[in-house]
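To start, the structure under review is shown below, and the notes come after it.
FYI, the numbering just counts along the sequence from 1. Every number for a ligand or one of its atoms is a count from 1 in the order of the listing.
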Amino acid sequence: MGMKRFRFLTSGESHGKCLTAIIEGVPAGIRIKADVINKDLERRQSGYGRGARMKIEHDTVEIKSGIRFGKTTGAPICLEIKNNDYLNWEDVMAVNSQEYPTEETLRKIEEKSFTKARPGHADYAGAIKYKHSDLRDVLERSSARKTAIEVAVGSVAKQILKEFGIIGFSHVIQIGNVKLDFYPKTYTLIKEKSEKSSVMCADELVSDRMERAIDEAGEEGDTLGGKFEVIYGNIPVGLGSYVHWDMTLDGRLAQAIMSIPAVKAVEIGAGVDAAHLKGSQMHDEIFIDKNKEVYRQTNNAGGIEGGISNGETLIIKGTMKPIPTMRKSLATVDMKNMTPASAHFERSDVCAVPACAVVAEARTAIILVDEFLSKVGGDSLTEMKAHYGK
Ligand code: EPS
């Protein structure tokens, strides 16, 4: 599934020098602010339950090309986020092999190499696939650290969409067994309340219970997963298509969110509840007002019908499994000699569901902007606005 208009690649290891992205396909004349990107990066870092690494990193983006005097030029945009922790990993993550390594360097490399695969992580399958004997070579790129640069790319996408009034947010609806059963009445309220919560949940009492659940899991050396929701409004009718399976908007969004590390399920609108609803309960009846404007009273479709945006609010839910790096070690195999062992532990988060929500919000923006640019067309903001007619 290739991007049609908004293309990008990222590179970077969890403890390497930096994370980089090059984005291509952004029309000229769009105002992009590094501050806005940095706010999203901070949101990704700050959920309750994050680990020690987040105290080391203060993710900030450096825009290296494609923007002049605050606006895009139409040239590829290069973004970079430095890994502060690299200073502690220079020897272990060195690009060149050293001809005469010191005892100290060899000791550090040995200390950071591991062969006991963490069940649930990419270690086992990744080592076999790429023929790595040191699982460090799998961990470094499979780590969710790379989602930092994806959030930066998503933030660029969000700034383009905002020019056309398309805005979105994300919030957490479940951590472990603690669920948000009653939502505040409006999206504005959900957004405001969730922004004040340490776990991005729109209810104070539920947030407190979520924090306690995270504390308990942490004390037991365990981890917790959960559920989040991504909401985008003001999307025009007509993004995506039913003509081919890989062109459906829901299909593309599902792929974008399912591929976030640890995500195990994606739902659109009523999602899994569609299984028990009758047709007459599920489908959102179409009404027409005095001004001949179409409206609906329900949104079980979550803003997509037939693989196409239908003008209603986009509602996506994602489910994240508990992080597989944990103090409570699981049974595994030592891949050095294929003997039974306890899994490798490296400092980790107890819960990263709020971070995952921010990543999903970014990934959603990336798909929406790609579809939007393909539909509207144009090489500059002026041209796009003329095409869009708003
Ligand atoms: C992450 C940084 C990583 C992990 C986390 C995601 O930092 P470190 O490995 O140095 O502690 O905390 O990744 C995982 C838990 C994982 O299993 O992939 C980040 O920046 O989000």
Judging by distance only, is a nitrogen or oxygen of [X] under 3.5 angstrom from one on ligand 1?
X	answer
R145	yes
H121	yes
M54	no
R44	yes

Under 4.0 Å from atom 16 (C) of ligand 1, is there any protein heavy atom?
yes
For the side chain of N299 and the backbone of T313, is there at least one donor-acceptor N/O pair under 3.5 Å apart?
yes
Distance check, rounded to the nearest 0.5 Å: L205 atom CG versus L180 atom CG?
11.0 Å
In terms of atom number and element, which parts of ligand 1 are under 4.0 angstrom from non-hydrogen atoms of [X]?
X	result
T325	17 (O)
S348	15 (C)
R50	19 (C), 21 (O)

H171 ring center within less than 6.0 Å of Y183 ring center:
yes
Which protein non-hydrogen atom lies closest to [atom], naming both residue and atom, and how far is it?
atom	answer
atom 5 (C) of ligand 1	D349 OD2, 3.9 Å
atom 11 (O) of ligand 1	R347 NE, 3.0 Å
atom 18 (O) of ligand 1	A144 N, 3.1 Å

NZ/NE/NH1/NH2 to OD/OE distance under 4.0 Å, D370 and K4:
no
Give a yes or no on whether a salt bridge exists between R212 and E216, defined as a side-chain N under 4.0 angstrom from a carboxylate O.
no
Whether K385 engages the ring of F164 as a cation-pi pair (distance to the six-membered ring centre under 6.0 angstrom, angle to the ring normal within 45°) should be assessed.
yes
Tell me the nearest of R118, H15, R53, E346 to atom 7 (O) of ligand 1, using heavy-atom distances.
R53
Return yes when atom NZ of K116 has more than 12 non-hydrogen atoms of other residues, nucleotides or ligands closer than 6.0 Å, and no otherwise.
no
Does I288 have more than 12 heavy atoms from other residues, nucleotides or ligands lying within 6.0 Å of its CD1?
yes
Location of contacts on S143 toward ligand 1, heavy atoms closer than 4.0 Å
both
Among side-chain atoms of T325 and R118, is any donor-acceptor pair under 3.5 angstrom?
yes
